[in-house]
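First the structure, in the form of structure tokens, and then the observations on it.
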Amino acid sequence: MPVMNMVQALNNALDEKLGADPDVLIFGEDVGYFGGVFRVTDGLQAKHGLTRCFDTPIAEGGIIATAIGMGAYGLRPVVEIQFADYILPAFDQLVSEAARLRYRSNGEFWAPLTVRTPYGGGIFGGQTHSQSPEAIFAHVVGLKTVVPSNPYDAKGLLIAAIEDDDPVIMLEPKRIYNGPFDGHHDRPLKTWAGHPKAEVPTGLYRVPLGKAAVVREGRAVTVLAYGTMVHVALSGIDEAGVDAELLDLRSLVPLDIEAITASVRKTGRCVILHEASRFGGFGGELSALVQERCFDHLKAPIERVAGWDTPYPHAFEWDYFPGPARLVAALRRVMEY
Amino acid sequence: MNNQPRLTLHIPEPPARPGDHPDFGGMKLPKAGETMRPDVDAAEPTMRDMPFGLIRVLDDGHNAVCPWDPHLEADVLHRGLRAMMLTRAFDDRLFRAHRQGKTSFYMKSTGEEAIAVAQSLMLDRRDMCFPTYRVLGWLMARGYPLLDLVNQIFSNAGDPLRGRQLPILYSARAYGFYSISGNLGSRFGHAVGWAMASAYKGDDRIALAYVGEGTTAEGGFHEALTFASVYRAPVILCVTNNQWAISSFSGIAGADETTFAAKALAYGIPGLRVDGNDFLAVWAATQWAAERARLNLGATLIELFTYRAAGHSTADDPAKYRPADEALQWPLGDPIERLKEHLIVRGEWDEERHAALQAALEDEVRAAVRAGEAIGTLGKSKPELGSMFEDVFKEPDWRVIEQRREMGV
């Protein structure tokens, strides 16, 4: 089976969808001839043609607006916002238009667009190339938000997102584009080679939106994570030496509430890990849901391990980043409660 | 010390406020026939004076003059006149319905009826309009059922949008009418994307979009123009300059400095400035832009110069910020009166037939409102409650399913 990193898996998904469906097209800043600043669309214009994968003006609101209009016509546009930090000029289009079009028109119009955008830190990107804005999208009714943590899921989720008839935002953890990252920034870089989830089948397959994956089974505590933090969680769990169950949510909206509640009811403890700032973060919603549905099973307070409530600081990137040490501390607190 | 003057901050003000005599003296109005008509395939650099002219067909004697006269059959003009009169009769009746407490909100398009009606009749049924809330005439010109409008305005059990939208924020795909939202200008770019999709597919459908002059200040307006220009999208982008954005006169949107049609210059697309109260001029300019679009020559920006004769909405009192009789002094007259007089001059209409049509349309509207009232005015009748939870997504997720169950519907 072919071994791919996440960039190659995403590229492969786009390549195969372009080949299979003439209504799929790709556009965004620098995605055409050049192939995107992270190379996700590399070679697609040359292979599929100028109108299938092309560059846009630097106007994120215009990119999303154009995609919505194309979606209303019947196409399935896949757009790239170069960094999730730059998606905010398109916020009105996503919130007021893409997310609401089906509802407000009573199903006459809808916007089956897919927005791909690299997010997250750990690349010395400073505050404008490191943010994790998933919570602000998850809050918007009518938008779906997914976050892959490995090449296999990246391809399958992207194909499912493109085929979905609702607007989907796919946040791509850019820190793990080229290799899994366990949060130990001082250790040598790893590649995806040898990782089981780097084996990516050719041909179209789907990872359904709304299904979490159990990455590690355990009985003592449930850890909820997504994106880069799945790998950080694995190392943190190992270092804490606890029998933790790790859920990779993969999809925040729709959320696999059954997998979450089943796991926490089994373990009786829950630690939530995300890179975004804690206050108002998606962990708050997860914590509330677990409390509402698993209160009688809980043996310890729910813990949130997250980025600090500061902008992402360039010099203090690894102080901000919620690495394994912070997770270990949280795991020990819930186990010793 | 230097001798330079101290800086002063300029805040534009309209020429007349309440109590003043309306003043349109500063307005430069070319006579009908004065503004040239370039060939449809003319190169953009040869048309750069167009944004500063004014396309007019009807002269002061109500005759149609060249070069923009579209030479329309009387039958088309009768249909246009009827749709304009129906729009106004409907607006007047539903505005009163709001005052009678039958609904929460209403917005009239009084004085602007020629624009949407002419463009709706001129464009093909397969084309798509991306409307504002002031283009009811588009639907009237295509025979949209009045009862469906009334039911939408009452948010009752018959509401085609099942009570989800503020009154008049219609959606009517079968009539080439895209869903309206209350946000300004956010669908301008959708029209460009829709038109690009038609071009991508090799189809022959084109899009038309509206914004008001106030909305030209929004970033989305400029993004849409940039995309329309870059990709030569087959789209007609219209700015309805009705002089007032709620209480802000057009100078607050930049009208003192240049025309809205002139925004096209920076994007390298043609910018036409059209007498929006002249049915024939609106038709002719739209036809010109549509031909260009269908010939793969790209987008056109059209400023439709008109006057918002009514308040912004039922929540607005224009007497608080402009002279009460300003609409009556508007130098380009009333679009219905002008088309009526033109038909009379052509020998195709008379006062009696006009009065009879007016009475018939008022009856038609009254019957539709009564039928809507029989279903129920706002709050007296509602769509099925459970439908509130539908169409959030194509398929509901567990949140919507659980919450619907929690409500017991």
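Chain letters run A, B, ... following the sequence lines, proteins first, then strands; residues in each count from 1.
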Salt-bridge criterion met for A:R293 and B:E402 (N-O under 4.0 Å): yes
Look at B:D203, B:T226, B:V230 and state which one has the largest set of heavy-atom pairs under 4.5 Å with chain A. B:D203
Greatest number of non-hydrogen atom pairs under 4.5 angstrom with chain A, of B:A199, B:G189, B:P160, falls to B:G189
Looking at A:Y73, is B:K201 sitting on its ring face, NZ or CZ under 6.0 Å from the six-membered ring centre and within 45 degrees of the normal? no
Considering only heavy atoms from C-beta outward, does the side chain of B:Q165 approach that of A:N106 to under 4.5 Å? no
Non-hydrogen side-chain atoms of B:L169 and A:R104 separated by less than 4.5 Å: no
Can you establish whether the number of heavy atoms outside [X] located under 6.0 Å from its atom [atom1] is more than 12?
X: A:K266; atom1: NZ; result: yes
X: A:F34; atom1: CZ; result: yes
X: B:L295; atom1: CG; result: yes
X: B:E384; atom1: CD; result: yes

Region of [X] that comes under 4.5 Å of a non-hydrogen atom in chain B:
X: A:I64; result: neither
X: A:I58; result: neither
X: A:P167; result: neither
X: A:I257; result: both

Could you state the interatomic distance from [atom1] ([X]) to [atom2] ([Y]), rounded to the nearest 0.5 Å?
X: B:W194; Y: A:T66; atom1: CH2; atom2: OG1; value: 14.5 Å
X: A:F27; Y: B:Y231; atom1: CZ; atom2: OH; value: 7.5 Å
X: A:L75; Y: B:M196; atom1: CG; atom2: CE; value: 10.0 Å

Would you mind checking which part of [X] comes under 4.5 Å of any heavy atom in chain A, side chain (CB onward), backbone (N, CA, C, O), both or neither?
X: B:F177; value: backbone
X: B:D391; value: both
X: B:Y200; value: side chain

Donor-acceptor pair, side chain of [X] and main chain of [Y], under 3.5 angstrom:
X: A:Y103; Y: B:M388; value: yes
X: B:W398; Y: A:L255; value: yes
X: A:E108; Y: B:R173; value: yes

Does one side chain, of B:S186 or A:D92, offer a donor that lies under 3.5 Å from an acceptor on the other? no
Just checking, any donor-acceptor pair under 3.5 angstrom between side chains of A:E97 and B:S181? yes
